[in-house]
There are 2 protein chains.
Amino acid sequence: MTDDVCQKGHKKEIMAVHDTMDVLSGKWKISIISSICYYNKRRFSDILNDVNGISNKMLSKELKELEMNKLIKRTVLDTQSVTVQYQLTEYGKTLQTIINDLTDWGMKHRKVIIGEKEK
Amino acid sequence: MTDDVCQKGHKKEIMAVHDTMDVLSGKWKISIISSICYYNKRRFSDILNDVNGISNKMLSKELKELEMNKLIKRTVLDTQSVTVQYQLTEYGKTLQTIINDLTDWGMKHRKVIIGEKEK
DNA sequence: CTGTATCCTAGCTGATACTG
DNA sequence: CAGTATCAGCTAGGATACAG
């Protein structure tokens, strides 16, 4: 918890956060990245199954955007039935820290929410 | 970069990430939190100025949601002209790690983008 | 200063069906 | 299996004006 950053803050920092969120915005993007991250390699239908509630149209669209941002790599496998594999690029892997943090926070948050309901 | 988490991944983790994003969704929420975080205490008009491009309507709305989620605390100061101060709650402070990570990534990302354009 | 209240639209999103 | 196409609804978000 680096407090030194929290002094005479900057627009620069706030913009940086905003920039990151721009790349990761969209209802599903982070979930998709997580899926690929957690499994390392992942196929279209796998992700479709991992991410609860997403439609194939949305998945396709979000994957395309992530690919454009160089966060994931698309590989068409030379198999019988068409298979496409997605992986994080090296650049995409720099998001792992963030993913981990978001996961942790989400887990804790869920407990907090549940705790509140029980009151 | 904890790789151990990235083995036989889980829906649970992916959902956790999604949950976190739910709380932080909206175009401006994270920027607002950052502003408050970086300055510790922050007034409405300050945030309005910090976060580039946001309208007062949006700020008001997002602040309300953040307050509902117990992430920030609203205090009406007893001054002449109406002044309202926002701070992170203890719970909100648990987001600091994430904010820091997002800031770092955003900074690097900007450099990457700029680098690409120069090619 | 700190919001609310309207009005309005781009585009996000889901559902469904279709293609290679 | 991995998408694309189309239609249609919703709503997030912007502009503007007003209020306490």
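Proteins come first, then strands; the chains are lettered A, B, ... in the order of their sequence lines, and each starts at number 1.
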Please encode protein proximity along nucleotides 7-20 of chain D as a string of B, S and -, counting only heavy-atom distances under 4.0 Å.
------BBB-B--B

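- The nearest whole Å value for the distance from the CD1 atom in Ile47(A) to the P atom in dA2(D) is 9 Å.
- Nucleotide dC1(C) holds its C1' atom 14 Å from the CG atom of Leu63(B), rounded to whole Å.
- As a whole-Å value, the separation of Asn49(A) CG from dG3(D) C1' is 17 Å.
- Distance, Leu77(A) CG to dG3(D) P: 11 Å, rounded to whole Å.
- Checked against salt bridge (charged side-chain N to carboxylate O under 4.0 Å, His left out), Arg74(B) has no partners two or more places apart in sequence or in another chain.
- Taking the salt bridge (charged side-chain N to carboxylate O under 4.0 Å, His left out) definition, one finds that Asp22(A) meets it with nothing, sequence neighbours left out.
- Side-chain contact between His18(A) and Lys11(A): absent, with no pair of heavy atoms (C-beta onward) separated by less than 4.5 Å.
- Residue Glu67(B) contributes atom CD, which lies 13 Å from atom C1' of dG3(C) at whole-angstrom precision.
- Listed pair Ser45(A) / dA2(D) meets the phosphate criterion, a side-chain N or O lying under 4.0 Å from OP1 or OP2.
- For dT4(C), one of the phosphate oxygens OP1 or OP2 lies less than 4.0 angstrom from a side-chain nitrogen or oxygen of Ser60(B).
- A close approach under 4.0 Å does occur between a side-chain nitrogen or oxygen of Tyr86(A) and OP1 or OP2 of dG3(D).
- One can place NZ of Lys64(B) at 8 Å from C1' of dG3(C), the figure rounded to the nearest angstrom.
- Taking the side chain as every heavy atom from C-beta outward, Thr103(A) and Tyr38(A) approach each other to under 4.5 Å.
- One finds a salt bridge joining Glu90(A) and Lys93(A) here, because a Lys/Arg side-chain nitrogen approaches an Asp/Glu carboxylate oxygen to under 4.0 Å.
- Put simply, CD1 on Ile32(A) is 12 Å from P on dG3(D), counting in whole angstrom units.
- Here the C1' atom of nucleotide dC1(C) and the CG atom of Asp46(B) are 11 Å apart, to the nearest Å.
- Here the rule is side-chain hydrogen bond (donor to acceptor under 3.5 Å, both in side chains) with Asp19(B), and of His109(A), Arg110(A), Lys108(A) only Arg110(A) fits it.
- Proximity note for Arg74(B) (side chain, C-beta onward) versus dT2(C), dT4(D), dC1(D): the nearest is dT2(C).
- Taking the side chain as every heavy atom from C-beta outward, Ile32(B) and Ile54(B) approach each other to under 4.5 Å.
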